[in-house]
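Shown next, in structure tokens, is the structure this report addresses.
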2 protein chains.
Amino acid sequence: MKSNQSENNLPEPTKAELEILQILWEFGPSTVRFVNDKLNEQKEVIYTSTLKQMQILTEKGILKRDESQMKHIYIPVEAEEKTKVQLLDRFVTTLYKGSASQLMMQLLGNEKTSKAEIEEIKKLLNSMK
Amino acid sequence: MKSNQSENNLPEPTKAELEILQILWEFGPSTVRFVNDKLNEQKEVIYTSTLKQMQILTEKGILKRDESQMKHIYIPVEAEEKTKVQLLDRFVTTLYKGSASQLMMQLLGNEKTSKAEIEEIKKLLNSMK
DNA sequence: TGTTTCGTACGAAAACTATCGTACCTTTGG
DNA sequence: CCAAAGGTACGATAGTTTTCGTACGAAACA
């Protein structure tokens, strides 16, 4: 078996799992069919593959589901924010030794971060003080 | 759109690969022996496992090596900054649809980001305008 | 009612990642 | 010269993640 994180931390979702989570976050609780259709807008996936993934996510405790209907409805256990914060935290720790400001610097230096984004960030910060 | 990184993008390093990369970033070009010793300060790893990983990293084009000596010297192909920027970019794209300011908000809201860090970030931003 | 359609369950193959043992070569020192 | 120490190469195994085929039940409908 595996190191099941006892306290608060759910196991890190894998890449494929994240794709599914994002759809559920965006559109709310959904059926496998719906999620699979959305996935197929990006790339071809076979229905039962998606189904299996969502079943695994449920086993892992990342999703729960309403089985009261034939078409099960899947729901993320944790809110989008919480999960993202966890992932972000792990990311900062791993790549930046926990230094958020270091990460920031890269974000600001990154050409892909637009002027508008930078303005947005400044506003944000000023509103905080 | 399945951006297979034919141009500039190297394949995403795996977790174990990242650990090795970080040692090379920190200490500069190194032998397998050196990297393995560093790794073993954190956890037990057998020499040939590290060797294999570094060989794989080389195959993938993430590392290159100087074979002119018996003890090969491994060197990251891309600079630390560049690789991190790539990873960060991917992270922002995947989780925040490319919105750096959204990521920022979470960073600032995260209790693990200390007051000092936040001050640091503010200074940074002000010095930019 | 029977057949087609749409759903879930589940095992197993396929693909990737990580670990390790063994073979074999080179250098070093007695 | 020989053995020990320390290198690389590489195949095999283990572990995980992802994909997919098949079985089978429920609903829809001709």
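Numbered from 1 within each chain, the chains take letters A, B, ... in sequence-line order. Atom set for the values below is all heavy atoms of this structure, side chains included, hydrogens, waters and symmetry mates excluded. Worth saying up front: this structure is predicted, and the values here are computed from it rather than measured.
Under the 4.5 Å side-chain heavy-atom criterion for Ile, Leu, Val, Met, Phe, Trp and Tyr, A/Val32 and A/Ile73 are members of distinct hydrophobic clusters. Cluster annotation: A/Phe91 and A/Trp25 are assigned to the same hydrophobic cluster (Ile/Leu/Val/Met/Phe/Trp/Tyr, side-chain heavy-atom contacts under 4.5 Å, transitive).
Looking at every heavy atom in both residues, A/Val45 comes nearest to A/Asn36 through O-ND2, 3.5 Å.
The distance from atom CG of A/Asn36 to atom P of D/dT18 is 16 Å, rounded to the nearest whole Å. One interatomic measurement links the two molecules: NZ of A/Lys71 to P of C/dT5, which rounds to 15 Å at whole-angstrom precision. The distance between atom NZ of A/Lys15 and atom C1' of C/dT17, rounded to the nearest whole Å, is 14 Å.
Residue A/Thr14 has a polar side-chain atom (N or O) positioned under 4.0 Å from OP1 or OP2 of D/dT18. Between A/Arg33 and C/dC6, a side-chain N or O to OP1/OP2 separation shorter than 4.0 Å is absent.
Relative to the six-membered ring of B/Tyr96, A/Lys84 meets both conditions, a distance below 6.0 Å and an angle of at most 45° to the axis. For the pair B/Lys38 and B/Phe27, the cation sits on the ring face: its NZ or CZ lies under 6.0 Å from the ring centre, inside 45° of the axis.
In the model, A/Glu117 has a side-chain atom that pairs as donor or acceptor with a side-chain atom of B/Ser101 under 3.5 Å.
For DNA chain D, the neighbouring residues in residues 44-67 of chain B, judged by any heavy atom under 4.0 Å, are B/Tyr47, B/Thr48, B/Leu51, B/Lys52, B/Gln55, B/Arg65.
Each of A/Met70 and A/Glu17 was matched to the nucleotide of DNA chain D holding its nearest heavy atom; the match closer to the 5' end belongs to A/Glu17.
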